[in-house]
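Note on naming: letters A, B, ... go to the chains in the order of the sequence lines (proteins, then strands), and numbering restarts at 1 for each one. Everything numeric here is computed off the predicted structure, so don't read it as measured data.
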Number of protein chains: 2
Amino acid sequence: MLRNKTKYALKALQVLAKEYGQGPVLISEIARRERISPKFLELILLELKNQGVVQSKKGKGGGYFLARAPQTVSVGQIVRMMEGPLAPLPCVSKTSYMRCAECRDERTCGIRIVMKDVRDATARILDSTTLADVLQRVASVVQGKEGLSYAI
Amino acid sequence: MLRNKTKYALKALQVLAKEYGQGPVLISEIARRERISPKFLELILLELKNQGVVQSKKGKGGGYFLARAPQTVSVGQIVRMMEGPLAPLPCVSKTSYMRCAECRDERTCGIRIVMKDVRDATARILDSTTLADVLQRVASVVQGKEGLSYAI
DNA sequence: CAATAGTCTAGTAAACGAATAGGGTAAAAG
DNA sequence: CTTTTACCCTATTCGTTTACTAGACTATTG
């Protein structure tokens, strides 16, 4: 499960992607639109800024905006920033591999083999989906092109 | 990331799957083979027993054994038991759906659309992989049929 | 009955998660 | 140049979870 922090980061970036090229957006505006605690969101945006994903402007007319075009920011990048590796186990992570202390033979660890598949599938999806893609898929749903709902 | 508890549960079940049909295996034996704290493993096996995945026998010649054939126990079942839903967000879980409190319109939430894909991919892999499959894939690696290693 | 081996309840130290608090600093308006 | 607007940054709180550890209890076997 993703942390709230990660979910909020993605929601905020979705807003900034939508407003991309139209000047800065206030923290309070994002918070209002996504119903997130403004103070908590501030922390999150600050972290995204330190990671170089967004930029900010102070004073009147200030706010946050994407540092790069929405087509160049993948969901995978953001999730890794906020959450750490995508891999279900550290021993299958490509970006921050670590062996399991107790594992005798990594090569023949069945759990690892399966979890590597999961990691690869997750990475394939998240790394190939950009903020622009996300906006487009939302637009498709609104136009009734994509799956309308799904059974709980 | 999976918890140690989940990883240990899967490792223990892998051992029990290998020994399936050959009588009970001692907690201490599993702990030794997988280098897990025996006391912690005890708690985990107890939980698996209460969930009906394994059975036990007390006294001399006792130990734990699988309650069902390895072909009928999926990794997905075990992960859900120990970890909860596979879904990265509660609003895309099929087994324990819950809406996000702050979400205005779930249907047009971009994050949700992407995370639903991740959930589906994960579930497809974990629910279609049984303990027997895991053993077989390990055997394949030992025989040099499957990917020998992969770059870190 | 003694030895074996699982059952079950508690406890605990450390880390984590989700905020909240509040003063600091830069930029623009007047 | 001072006020207002907004972001900047550090610290703290508080409840929950994680990963164990301890130890007494109970059933089975020989």
Enquirer: Is A:D117 salt-bridged to B:R124, cutoff N-O under 4.0 Å?
Expert: no
Enquirer: Distance-only, no hydrogens or angles: does the B:T122 side chain make a donor-acceptor pair with backbone N or O of B:V118 under 3.5 Å?
Expert: yes
Enquirer: In whole angstrom, give the distance that lies between atom CD of A:E47 and atom C1' of C:dA18.
Expert: 13 Å
Enquirer: What is the distance from CD of A:E83 to C1' of C:dC16, rounded to the nearest Å?
Expert: 12 Å
Enquirer: Is there a donor-acceptor pair under 3.5 Å between the side chain of B:R99 and the backbone N or O of B:C103?
Expert: yes
Enquirer: Quick check: closest heavy atoms across A:D127 and A:G76, and the distance to 0.1 Å?
Expert: OD1-CA, 3.4 Å
Enquirer: Using a 4.0 Å heavy-atom cut-off across all strands, classify A:I27 as base, sugar-phosphate, or nothing.
Expert: sugar-phosphate
Enquirer: A:G62 and A:L26: which non-hydrogen atoms are nearest, and at how many Å?
Expert: O-CD2, 3.6 Å
Enquirer: Side-chain N or O of B:Y64 versus OP1/OP2 of C:dA5: is the shortest distance under 4.0 Å?
Expert: no
Enquirer: Expressed in angstrom and rounded to an integer, what is the separation of B:F65 atom CZ from C:dA5 atom P?
Expert: 15 Å
Enquirer: Ignoring backbone atoms, establish whether A:N4 has a side-chain N or O less than 4.0 Å from OP1 or OP2 of C:dG17.
Expert: no
Enquirer: So among B:L135, B:V138, B:V25, which one has a side chain to side chain contact (heavy atoms under 4.5 Å, CB included) with B:K18?
Expert: B:L135
Enquirer: Closer than 4.0 Å, any side-chain N/O of B:S28 to the OP1 or OP2 of C:dA5?
Expert: no
Enquirer: Output the rounded distance in Å from CE (B:M1) to C1' (C:dG17).
Expert: 17 Å
Enquirer: Using whole Å, report how far CG of B:L26 lies from C1' of C:dA3.
Expert: 14 Å
Enquirer: If I compare all heavy atoms of A:G110 with all of B:V134, which pair ends up nearest, and what's the gap?
Expert: CA-CG1, 3.5 Å
Enquirer: For DNA chain D, which nucleotides open and close the run of contacts to chain B, 5' to 3', at under 4.0 angstrom from a non-hydrogen atom?
Expert: D:dT18 to D:dT29
Enquirer: How does protein reach along nucleotides 22-30 of chain C, written 5' to 3' as B (base within reach of a heavy atom under 4.0 Å), S (only sugar-phosphate), or - (no contact)?
Expert: B--BSSS--
Enquirer: Determine, for B:K11 against A:E102, whether the closest basic-nitrogen to carboxylate-oxygen distance falls under 4.0 angstrom.
Expert: yes
Enquirer: Heavy-atom nearest nucleotide on DNA chain C for B:G63 versus A:F40: which residue maps closer to 5'?
Expert: B:G63
Enquirer: To the nearest Å, give me how far apart CZ (A:R3) and C1' (C:dC16) are.
Expert: 8 Å
Enquirer: Would A:T130 and A:Q71 count as having a side-chain donor-acceptor pair, cut-off 3.5 Å?
Expert: no
Enquirer: Mind calculating the distance between CG (A:L43) and C1' (C:dC16) to the nearest angstrom?
Expert: 15 Å
